[in-house]
Amino acid sequence: MIKVLIADDELIVRKGLIATVDWKKFGMEVIAEAPNGQKAWELFQQYSPELVITDIVMPVMTGIELARNIKQYSPTTKILLLSCHRDFSFAQEGINIGASGYILKTAFSDQQFEEYLGRIGNEINHTNIQNSYDSSYLAKEFYEWLCDFDNSFPKLVEELFSNEWKWMVNPYYIYLINGLNSIETIQKKMYRGEKPFTIIPCGHEQAFIFILEKSKADFEHLLVEARSKDPSTRWMVHGPNRGMKEWMDGVTNLFHRFKFEKQFKVSMEDWPLPIQKAVQIMIQELDQSFSSSYIAREVGLSRSHFSTMFKKTVGESFITFIEKLKVKAACELLKNTSLPLQDIGEKIGIQDGKYFSKWFKKCMGRTPSDYRQNKKENVR
């Protein structure tokens with residue numbers, strides 16, 4: 001149902017509209033009423049209605065001031081103005097702010113009012129469907145891209161950086177939030193005209209959130225507040241970043257780190273930086289065959305020093321760890337994709353499909369095909 005807020009200083013007008021209009025006919029529901037603009041503004045922030053019907057002349061805060069606040073806070077909210085004034089300047093000011101219509105109380109017509117409700121309802125429903133499609137499509141393409149599938153996402157990001165995400169030419173931070181059940185609440189609290197941000201869902205109860213550097217302190221306060229209510233709330237942060245390339249690098253870095261920590265039930269936060277960097281290299285380039293000597297050089301250590309530090313930090317040898325990493329990646333791909341075995345093998349650095357099957361069976365005690373079929377049956 002479309003949520004409606006009615007604001008008018010005349011009680012008879014508010015009660016009359018609530019009682020005489022067949023709101024269900026338009027898929028609408030009046031969720032609150034207010035006798036002045038200030039109260040309406042408070043109720044708007046509390047209930048987030050999609051449509052606000054407001055008188056222009058009200059005490060404490062006028063309908064024009066209310067409309068201006070609403071449009072700055074939530075530009076997509078529809079506003080229908082009511083007035084006793086025939087002066088077109090009132091209508092013009094409301095239209096300039098972004099109101100969807102203007103009705104004179106002295107010439108009130110049920111037909112005109114219902115025409116407005118019908119048109120506004122159609123616009124809201126169309127926008128909701130389009131936004132749902134756009135956000136779900138973006139999230140789908142984003143997740144597949146993170147999982148190393150070739151798709152249209154890089155092109156989509158390029159278009160977004162040319163339009164909605166232009167603000168990310170300024171310093172911004174990337175957060176990967178996990179276990180947060182109140183993302184919508186945080187979204188409403190973070191939304192301000194001068195503080196843009198973006199949310200992209202990523203799997204179950206995870207989301208990437210992008211915020212300007214100047215919003216970092218406020219945002220982390222909200223995260224701490226959320227964790228006090230839900231101890232499962234966790235987050236990782238990357239930044240500050242600027243532009244598209246650092247966006248791509250940052251989300252990839254966080255996603256691979258999150259997957260690793262979730263799979264192995266460990267946190268890299270307290271690991272020595274060379275070991276963190278080594279694991280990141282292995283995770284991000286799992287299709288390569290690395291030797292400990294190569295990784296040691298990449299992180300600026302001798303092979304013997306690296307091997308000793310790695311085993312002390314991770315709890316197992318480099319060879320054992322990288323094989324375990326490849327097995328877990330193969331299991332994820334078998335479980336969540338329909339990729340041929342040859343392609344899965346190539347993604348973890350095994351070019352021969354037959355060898356991949358033998359290797360997987362040696363590690364897991366069953367063939368890749370058996371593993372995939374068993375997982376599908378469990379899902380059913």
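By convention here, the first residue in the shown sequence is residue 1.
Ion pair Lys324/Glu316 flagged as a salt bridge, since at least one NZ, NE, NH1 or NH2 atom sits closer than 4.0 Å to an Asp/Glu carboxylate oxygen. Ion pairing between a basic and an acidic side chain is recognised when a charged N comes within 4.0 Å of a carboxylate O; Glu332 and Lys335 show such pairing.
Rounding to the nearest 0.5 angstrom, the gap separating the CG atom in Leu176 from the NE2 atom in His238 is 12.0 Å. One finds the CG atom of Leu43 at 11.0 Å from the OG atom of Ser48 (value rounded to the nearest 0.5 Å). How far CD1 of Ile79 is from CZ of Arg68: 10.5 Å, rounded to the nearest 0.5 Å. Within the model, atoms CD1 of Ile31 and CZ of Phe44 stand 9.5 Å from one another, a figure rounded to the nearest 0.5 Å. The distance from the CG atom of Leu82 to the OG1 atom of Thr54 is 7.0 Å, given to the nearest 0.5 Å. Taking CD1 of Ile209 as the reference point, atom OH of Tyr172 lies at 15.0 Å (rounded to 0.5 Å).
Residues satisfying the side chain to side chain contact (heavy atoms under 4.5 Å, CB included) criterion with Asp287, sequence neighbours excluded, are Glu285. Applying the side-chain hydrogen bond (donor to acceptor under 3.5 Å, both in side chains) criterion to Lys15, with sequence neighbours excluded, gives Glu33. Here Tyr173 pairs with nothing under the ring pair (Phe, Tyr, Trp, His ring centres under 6.0 Å) rule; sequence neighbours left out. Scored by the ring pair (Phe, Tyr, Trp, His ring centres under 6.0 Å) test, Phe208 finds Phe142 as partners (sequence neighbours excluded). Annotation: side chain to side chain contact (heavy atoms under 4.5 Å, CB included) contacts of Asp249 (sequence neighbours excluded): Lys245.
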Problem - Stepwise side-chain contact (heavy atoms from CB on, under 4.5 Å) test for Val4 and Trp23 - result: CA-CA 9 Å; Val4 181; Trp23 296 100; 4.2 Å; yes

Exercise for the section: Start with the C-alpha distance between Met168 and Glu246, add both sets of side-chain angles, then the distance that settles side-chain contact (heavy atoms from CB on, under 4.5 Å), and finish with yes or no. Expected result: CA-CA 10 Å; Met168 283 193 242; Glu246 292 186 21; over 6 Å; no

Practice task
In sequence, state the C-alpha distance, the side-chain angles, and the governing distance for Asp370 and Thr367, and then conclude on side-chain hydrogen bond (donor to acceptor under 3.5 Å, both in side chains).
Solution key: CA-CA 5 Å; Asp370 288 343; Thr367 65; 3.2 Å; yes

Exercise for the section: Test salt bridge (Lys or Arg N to Asp or Glu O under 4.0 Å) on Lys78 and Glu50 and set out the steps. Expected result: CA-CA 6 Å; Lys78 301 296 182 180; Glu50 291 102 324; over 6 Å; no

Practice task
Could you give me the CA-CA distance, side-chain angles and deciding distance for Ile200 and Tyr143, then say whether side-chain contact (heavy atoms from CB on, under 4.5 Å) is met?
Solution key: CA-CA 9 Å; Ile200 307 180; Tyr143 188 75; over 6 Å; no

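In this structure, Arg242 contributes its side chain and Asn170 its backbone to no donor-acceptor pair below 3.5 Å. Using modelled atom types, one side-chain atom of Glu65 and one backbone atom of Thr62 make a donor-acceptor pair closer than 3.5 Å. A donor-acceptor contact shorter than 3.5 Å is absent between the side chain of Lys24 and the backbone of Glu29. Here the side chain of Asp55 pairs no donor or acceptor atom with the backbone of Met58 at under 3.5 angstrom. In this structure, the side chain of Lys71 engages the main chain of Pro75 through a donor-acceptor pair within 3.5 Å. Formation of a donor-acceptor pair under 3.5 Å by the Ser228 side chain with backbone atoms of Glu225 is found in this model. Lys326 places a side-chain N or O within 3.5 Å of a backbone atom of Ile348 that can act as its donor or acceptor partner.
A pairwise comparison of heavy atoms in Met236 and Phe258 identifies CE-CA, 3.6 Å as the closest pair. The two residues Leu146 and Cys202 make their nearest non-hydrogen contact at CD1-SG, 3.9 Å. Here the shortest heavy-atom pairing between Gly250 and Ile174 reads CA-CD1, 3.8 Å. When every heavy atom of Ala329 is checked against every heavy atom of Leu286, the shortest pair comes out as CB-CD2, 3.4 Å. Across all non-hydrogen atoms, the minimal contact from Leu341 to Arg372 is CD2-NH1, 4.4 Å. Across Pro49 and Thr77, no two heavy atoms sit closer than the pair O-CG2, 3.7 Å.
For Lys216, the NZ atom counts as densely surrounded, since its 6.0 Å shell holds more than 12 non-hydrogen atoms of other residues, nucleotides or ligands. With a 6.0 Å radius and a threshold of 12 heavy atoms from other residues, nucleotides or ligands, Leu11 has its CG atom above the threshold. Counting non-hydrogen atoms of other residues, nucleotides and ligands closer than 6.0 Å to CD1 of Ile319 gives a total of 12 or fewer.
Counting heavy atoms from C-beta outward, Asn241 and Phe210 have side chains that stay 4.5 Å or more apart. No side-chain heavy atom of Phe26 sits less than 4.5 Å from a side-chain heavy atom of Ile120. No side-chain heavy atom of Pro35 sits less than 4.5 Å from a side-chain heavy atom of Asp8. Between Leu81 and Ile103, the closest side-chain pair of non-hydrogen atoms is not below 4.5 Å. Under the 4.5 Å side-chain criterion, counting only non-hydrogen atoms from C-beta, Leu80 is not in contact with Ser100. Looking at heavy atoms from C-beta onward, Glu158 lies out of side-chain contact with Pro154 at the 4.5 angstrom threshold. Counting heavy atoms from C-beta on, the side chains of Ile53 and Phe113 come closer than 4.5 Å. Contact check for Ile275 versus Val314: side-chain heavy atoms found under the 4.5 Å cut-off.
Residues Val52 and Tyr47 fall within the same hydrophobic cluster, defined by Ile, Leu, Val, Met, Phe, Trp and Tyr side chains chained together at heavy-atom separations under 4.5 Å. Note on Ile12 and Val21: same hydrophobic cluster, where clusters join Ile, Leu, Val, Met, Phe, Trp and Tyr whose side-chain heavy atoms are under 4.5 Å apart, directly or indirectly. Cluster annotation: Val60 and Ile64 are assigned to distinct hydrophobic clusters (Ile/Leu/Val/Met/Phe/Trp/Tyr, side-chain heavy-atom contacts under 4.5 Å, transitive). Hydrophobic clustering of Ile, Leu, Val, Met, Phe, Trp and Tyr side chains at less than 4.5 Å, counting indirect connections, keeps Ile211 apart from Val169.
Side-chain N/O atoms of Ser152 and Glu141 include a donor and acceptor closer than 3.5 Å. Using modelled atom types, one finds a donor on one side chain and an acceptor on the other under 3.5 Å when comparing Glu220 with Tyr175. Using modelled atom types, one finds a donor on one side chain and an acceptor on the other under 3.5 Å when comparing Thr320 with Ser317. In summary, the side chains of His256 and Asn253 do not present any donor paired with an acceptor at a separation below 3.5 Å, with no hydrogens or angles considered. Counting only N and O atoms by type, the side chains of Glu115 and Gln111 include a donor and acceptor under 3.5 Å apart. Of the N and O atoms on the side chains of Gln280 and Gln276, not one donor lies less than 3.5 Å from an acceptor on the other residue.
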Please tabulate, one pair per line, all N/O donor-acceptor pairs under 3.5 Å involving side-chain atoms of residues 292-300, not counting sequence neighbours.
none

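Aromatic ring centres of Trp359 and Tyr355: separated by at least 6.0 Å. Taking the six-membered ring for Trp and the full ring otherwise, Tyr371 and Phe360 have centroids separated by under 6.0 Å.
Classification of the Trp247-Phe153 ring pair by plane angle, with boundaries at 30° and 60°, yields tilted.
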